[in-house]
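Down below is the structure, laid out as structure tokens.
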Amino acid sequence: MLLIDVARVSELVSRTPARLGKVGHLAEILSRVTPAEAEIAIAYLSGELPQRQIGVGWRTLQDVPEPRQIATATLTQVDEALSTIKAQSGAGSQTARKTLVNGLLRGATRQEQVFLLRLLQGELRQGALEGVMIEAVAKAAGVTTAEVRRALTLRGWLPAVGAAALAGGVDALRAFTLEVGRPVSPMLAQSAPNVAAALTKIGVPAALEWKLDGIRVQVHRSGDTAAVFTRTLDDITAQVPEVVEAALALPAGDIVLDGEVLALRPDGRPEPFQITASRVASRTDVATARKTRPLTVFFFDALHIHGRDLLDLPGAERFAALGDVVPPSLLTPRLVTGDTAEAEAFFGDAVRHGHEGVVAKSLAAPYAAGRRGAGWVKVKPRHTLDLVVLAVEWGHGRRQGKLSNLHLGARDPETGEFVMLGKTFKGLTDELLAWQTTRLLELATGPTDSWVVTVRPELVVEIAFDGVQRSPRYPAGMALRFARVLRYRPDKRAEEADTVPTVRALML
DNA sequence: TTCCGACAGTGGGGTCGCAAT
DNA sequence: ATTGCGACCCCACTATCGGAA
């Protein structure tokens, strides 16, 4: 199969708004691929690469050469080219990558170039990624989506699962099993504005657990070896020896657990997220790092214990099984209640201890691996500030032609100037996006065709955020975490906006 | 007919390791 | 030595489609 065939289908999919239509187009091409090409085609058409990452980003993709007129590249040839690019290392590797990427693009037609550029930048923008591809695979292979999802849960890589389904149908899918040592896509949580809403969503009684502000880990222990994986299934075993030791101290046998790892201060309160992230990301001299910033792991779920898969069991039974193998000191603090007041008190306690909030969990729901299932709902406190728009950036994709990303500032009461605290593009409806584009163009102080449009600091906007963190980038040395727009405040003047000292008081 | 679950898209701050400058 | 890039941690929110109610 040729790359152009895939590029054409991608273009067709982006022009087809109906989800079922997209599924139909994708299934049609999947029914035509050879077994050797299936994994590549499924990966490309769901925005992935068989190589996962190849060390090429937006910068390497500047300077696109003139396209050819005739499309000749096969999927297999492109795949081999990408493997060669990934294999570059050492001095001169970035230059070599750029040369190889340019060579690949020079052999491509305009349509192939567009497809490759989007694919390599991770922005396919065809309105179909893994979720739609699951349905296309099911349709092309003549199996149910449930069978595909089940296999994907256990294997964690749709191109492999899809290729198996196309080649061997439902029997091939059923051959995927949970293997200790191979990570499973972790279950994710929805969110709710408060504890009462979370309990309504889940039903009572429910379990509440502290939401710890660290790194999600899936821990596999088999015999005298242990492996630790992140949310995206990356292996971080070498960076977190504390977790490995905790896993090896569990009763012998095969065990797969879900938990969170974080750095705690000597008094037991959590370090800021940045400290935990730094520790977990550091690969050099881990032995020294663990002395100054020790990590602690807390478990909250069990997927497999001693030869028994627990994924389909109710949450309450999985937690009971977890308690059988993990000492209480390594369990995430948890309360089972049907009483809203009691649940709210538990939430308040978690926050007072310096944690992010709570996750409310259904006692009945199975482990919905890889999905943002309704079985888990997180609740975090929300702060708000009235800030001033200092500048705004033009949007991409569906926000093309709209002023989108706001630069936010607080007032410095001593100078009367405004100090930037971060940006946000979140929380804007299409209507608000249109309104702010018009309004901010009226306030523009410089050229409006540049990427960043600076404006007179007059417009006040109410911003919600999760907290204030130390920043090496912004002038006040602090930035907002997860800032999003709640509403504009046309009733407020910039002089009435919140001040830098107010924000600084929140950075504790 | 209306409601709602699941997805895709649009980007945010911060950190590390490595290559280039 | 410093800077820039790519990858990966954490992530919120809206629009849309289509099945559920």
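Below, chains carry the letters A, B, ... as their sequence lines are ordered, and counting in each starts from 1.
Checked against dA19(B), dG13(B), dG11(B), the side chain of Gln94(A) finds its nearest nucleotide in dA19(B). Ranking dG11(B), dC11(C), dC16(B) by closeness to the Phe425(A) side chain, first place goes to dG11(B). Taking only side-chain atoms of Lys380(A), from C-beta outward, the nucleotide of dG18(C), dA12(C), dG6(C) with the closest atom is dA12(C). When distances are taken from the side chain of Arg398(A) to each of dT16(C), dA20(B), dC8(C), the shortest belongs to dT16(C). In the set dC11(C), dG9(B), dA19(B), dC11(C) carries the atom at the smallest distance from any side-chain atom of Phe482(A). In the set dG18(C), dA6(B), dG9(B), the nucleotide with an atom closest to the side chain of Gln190(A) is dA6(B). Ranking dC8(C), dA19(B), dG17(B) by closeness to the Thr232(A) side chain, first place goes to dC8(C). Of the listed nucleotides (dC9(C), dC5(C), dA12(C)), dC5(C) has the atom at the smallest distance from the side chain of Arg59(A). Each of dG12(B), dA7(C), dG14(B) was ranked by its minimum atom distance to the side chain of Glu393(A); first place goes to dG12(B). Closest approach to the Lys211(A) side chain among dC8(C), dT15(B), dC11(C) is made by dC11(C) (side chain taken as heavy atoms from C-beta onward).
Between dG12(B) and Asn405(A), a contact under 4.0 Å exists linking OP1 or OP2 to a side-chain N or O. Between Trp58(A) and dC5(C), a side-chain N or O to OP1/OP2 separation shorter than 4.0 Å is absent. Considering only side-chain N and O atoms, Arg473(A) lies under 4.0 angstrom from the phosphate OP1 or OP2 of dG14(B). Look at Gln53(A) and you'll find a side-chain N or O under 4.0 angstrom from OP1 or OP2 of dC8(C). Contact between the side-chain N/O atoms of Ser278(A) and the OP1/OP2 oxygens of dC16(B) is found at a separation under 4.0 Å. Look at Thr60(A) and you won't find any side-chain N or O under 4.0 angstrom from OP1 or OP2 of dC5(C). For the pair Arg484(A) and dC13(C), the criterion of a side-chain N or O lying under 4.0 Å from OP1 or OP2 is met.
Atom-to-atom, CD of Gln436(A) to C1' of dC13(C) comes out at 14 Å; the value is rounded to the nearest Å. As a whole-Å value, the separation of Arg481(A) CZ from dC9(C) P is 15 Å. Rounded to whole Å, the distance from CG on Leu188(A) to C1' on dC7(B) is 13 Å. Computed from coordinates, the Asp235(A) CG to dC9(C) P distance equals 11 Å when rounded to whole Å. The interatomic distance linking Glu123(A) (CD) with dT10(B) (P) rounds to 7 Å, in whole Å. dG11(B) atom P lies 11 Å from atom NZ of Lys423(A), rounded to whole Å.
Taking the six-membered ring wherever Trp is involved, the centroid distance between the rings of Trp210(A) and Phe298(A) does not fall below 6.0 Å.
Residue contacts shown for Glu130(A) are limited to sugar-phosphate atoms, with no base heavy atom under 4.0 Å away. At the heavy-atom level, Val485(A) lies nowhere under 4.0 Å from the strands shown. Looking at heavy-atom distances under 4.0 Å, Ser404(A) makes contact with sugar-phosphate atoms alone, never a base.
Using a 3.5 Å distance cut-off with no hydrogens or angles, the side chains of Glu344(A) and Asn194(A) do not pair a donor with an acceptor. Judged purely by distance below 3.5 Å, without hydrogens or angles, the side chains of Tyr367(A) and Asp258(A) pair a donor atom with an acceptor atom. For the 3.5 Å distance criterion, the side chains of Asn102(A) and Thr99(A) fail to qualify, holding no donor opposite an acceptor. For the 3.5 Å distance criterion, the side chains of Ser10(A) and Gln126(A) qualify, holding a donor opposite an acceptor. When only modelled atom types and interatomic distance are considered, Glu135(A) and Thr145(A) share no side-chain donor-acceptor pair under 3.5 Å.
For the pair Gly395(A) and Ser471(A), nearest-nucleotide mapping onto DNA chain B gives the more 5' position to Gly395(A). When each of Arg399(A) and Leu480(A) is assigned the nucleotide of DNA chain B bearing its nearest heavy atom, the one mapping closer to the 5' terminus is Arg399(A).
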